[in-house]
Amino acid sequence: DATGLFHFIGERLFDDSFNEAPRNMIERYRPDLSGQTVLDFGSGLGQLTPFFFERGATRVSLTEIDPQLLELSKTYLGDLGLADRCDFSLVSEDDALEMYESDGFDLIVTAEVFEHILPRHRVRKLQLLYSKLKPGGTLVITTPNRLFPLDTHTTGLWFAAWFPAPIGAWYARTFSSWRWKGRSTEDLLRQGLRQYSYFEARKVLKPLGARDLLRERPLSAGEWRRGKSLKARSFYRAMRIAHVVVLQHIGPWEAWMPSLEMAWGKPHA
């Protein structure tokens with residue numbers, strides 16, 4: 001609705017910290033985009049597009065499920081003089097992305113999107129995105145982490161994302177804020193109730209031969225803490241201890257953080 005759209009615009013364009021996670025991951029794993037093509041899957045207002053061009057990208061393709069947001073991104077990027085270097089595509093949830101060739105992009109970014117995709121579509125969507133990467137390309141995913149016990153994205157409840165979807169939806173409708181009262185389970189899933197996890201992505205991408213760049217080149221303490229709150233930094237210290245003792249045998253320490261930031265590479269042929 002109009003109120004939600006207003007807050008979305010304010011969050012995406014005026015609270016620049018929203019864009020910090022994908023920017024940090026790109027700067028670490030794909031810092032030079034000179035002469036390269038980028039796909040922003042779930043592009044919102046196109047707020048990351050200027051960042052891509054600043055790093056040398058020649059063409060940016062923006063895909064969005066919401067026609068209002070896609071039109072707003074055209075206006076926003078047109079005002080910046082960048083729209084003629086962009087392609088804009090309206091997609092559906094089960095879209096096969098046939099408008100894009102396989103091996104077509106050097107970088108694909110999906111920032112705060114996968115938590116809004118219904119779980120039954122996620123595997124196929126991730127496979128499709130990976131297929132659109134050029135050999136040597138990079139896929140960056142940022143999303144709220146399902147494994148973190150407090151749902152700070154949708155309900156504000158503890159363990160809401162850990163329950164089976166019908167139980168989690170009942171929990172949200174019963175104990176969360178008024179805005180989730182009366183919502184269907186599917187609607188709550190679209191709002192991000194289920195979130196996403198590192199292990200969901202790994203289960204899909206590893207059989208395809210994807211390189212786990214977090215494993216190959218972990219973020220240093222300084223890189224991760226940059227711009228994070230005191231609460232996040234304190235949690236980070238505790239998780240680092242737990243990771244050294246136990247969790248390192250299961251996955252990278254980033255897999256347990258509140259905000260999930262992943263980078264996957266497609267090997268050269």
Side-chain angles (χ1 to χ4, degrees), residues 4-5 7-8 11-12 15 17-26 39-45 47-48 62-66 69 91-95 97 108-130 139-173 176-177 179-180 183-205 214 228 232 235 251-252 254-264:
L5 188 60
H7 287 294
F8 185 91
E11 178 183 50
R12 295 297 179 98
D15 178 9
S17 63
F18 182 90
N19 305 312
E20 185 173 352
R23 285 198 311 242
N24 288 345
M25 296 299 285
I26 294 164
L39 171 61
D40 188 351
F41 181 76
S43 52
L45 293 171
Q47 67 276 2
L48 284 170
L62 297 89
T63 64
E64 179 54 54
I65 197 171
D66 187 322
L69 293 180
V91 298
S92 62
E93 194 163 39
D94 57 354
D95 200 296
L97 304 180
I108 297 177
V109 178
T110 172
E112 314 305 312
V113 172
F114 258 81
E115 69 273 20
H116 299 294
I117 298 175
L118 292 177
R120 64 177 178 266
H121 294 302
R122 291 178 180 178
V123 170
R124 179 59 178 154
K125 195 64 68 180
L126 189 55
Q127 291 171 337
L128 282 170
L129 289 175
Y130 186 75
L139 170 62
V140 168
I141 302 172
T142 66
T143 176
N145 190 358
R146 184 185 175 201
L147 295 183
F148 188 69
L150 177 62
D151 174 12
T152 59
H153 176 268
T154 306
T155 67
L157 299 173
W158 288 91
F159 311 113
W162 291 15
F163 295 118
I167 297 175
W170 170 85
Y171 183 34
R173 287 191 294 265
S176 191
S177 67
R179 64 185 299 204
W180 307 121
R183 299 284 192 109
S184 68
T185 299
E186 185 163 299
D187 190 18
L188 283 163
L189 288 172
R190 292 184 192 279
Q191 298 301 321
L193 175 67
R194 194 69 171 175
Q195 303 185 39
Y196 200 56
S197 77
Y198 163 83
F199 299 99
E200 286 180 79
R202 187 175 73 176
K203 185 176 181 180
V204 175
L205 294 174
L214 287 181
K228 298 295 192 296
F235 179 77
E254 293 91 345
W256 315 101
M257 304 308 290
S259 178
L260 186 60
E261 301 164 11
M262 297 181 284
W264 298 85

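Just so it is clear, the structure is predicted and the values come from calculations on it, not from any experiment.
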Between [Y] and [X], is there a side-chain heavy-atom distance shorter than 4.5 Å?
X: V204; Y: R122; result: no
X: V113; Y: T143; result: no
X: R194; Y: E200; result: no
X: Y196; Y: M262; result: yes
X: E112; Y: E115; result: yes
X: T63; Y: D95; result: no
X: H116; Y: H153; result: yes
X: L48; Y: P22; result: yes

Checklist line | Lys/Arg-Asp/Glu bridge criterion (N-O < 4.0 Å) met for E93, R120 | finding: no
Item checked: Ring geometry between Y198 and W264 (parallel below 30°, tilted from 30 to 60°, perpendicular above 60°) -> parallel
Next item on the list: Start with the C-alpha gap between V140 and R23, add the side-chain angles, then the distance that decides, and say whether side-chain contact (heavy atoms from CB on, under 4.5 Å) holds.
Entry: CA-CA 10 Å; V140 168; R23 285 198 311 242; over 6 Å; no
When rounded to the nearest 0.5 angstrom, what distance separates [atom1] in [X] from [atom2] in [Y]?
X: S43; Y: I65; atom1: OG; atom2: CD1; answer: 11.5 Å
X: F148; Y: F159; atom1: CZ; atom2: CZ; answer: 10.0 Å
X: S259; Y: N145; atom1: OG; atom2: CG; answer: 8.0 Å
X: L147; Y: W162; atom1: CG; atom2: CH2; answer: 7.5 Å
X: T152; Y: Q195; atom1: OG1; atom2: CD; answer: 6.5 Å
X: E64; Y: F41; atom1: CD; atom2: CZ; answer: 9.0 Å

Checklist line | Side-chain donor or acceptor of R146 paired with backbone N/O of A161 under 3.5 Å | finding: yes
Checklist line | L45 backbone acceptor or donor facing Q47 side chain under 3.5 Å | finding: yes
Please give me the minimum heavy-atom distance between [X] and [Y], naming the atom from each residue.
X: P119; Y: L189; result: CD-CD1, 4.2 Å
X: E261; Y: T142; result: CG-CG2, 4.2 Å
X: A169; Y: L193; result: N-CD2, 3.7 Å
X: A172; Y: T155; result: CB-CG2, 3.6 Å
X: R173; Y: W180; result: CG-O, 3.4 Å

Check: side-chain contact (heavy atoms from CB on, under 4.5 Å) between R179 and T154: does it pass, once the steps are laid out?
Finding: CA-CA 10 Å; R179 64 185 299 204; T154 306; over 6 Å; no
Note to self: Using the rule side chain to side chain contact (heavy atoms under 4.5 Å, CB included), only one of L260, L129, T110 pairs with I141; which is it?
What the structure shows: T110
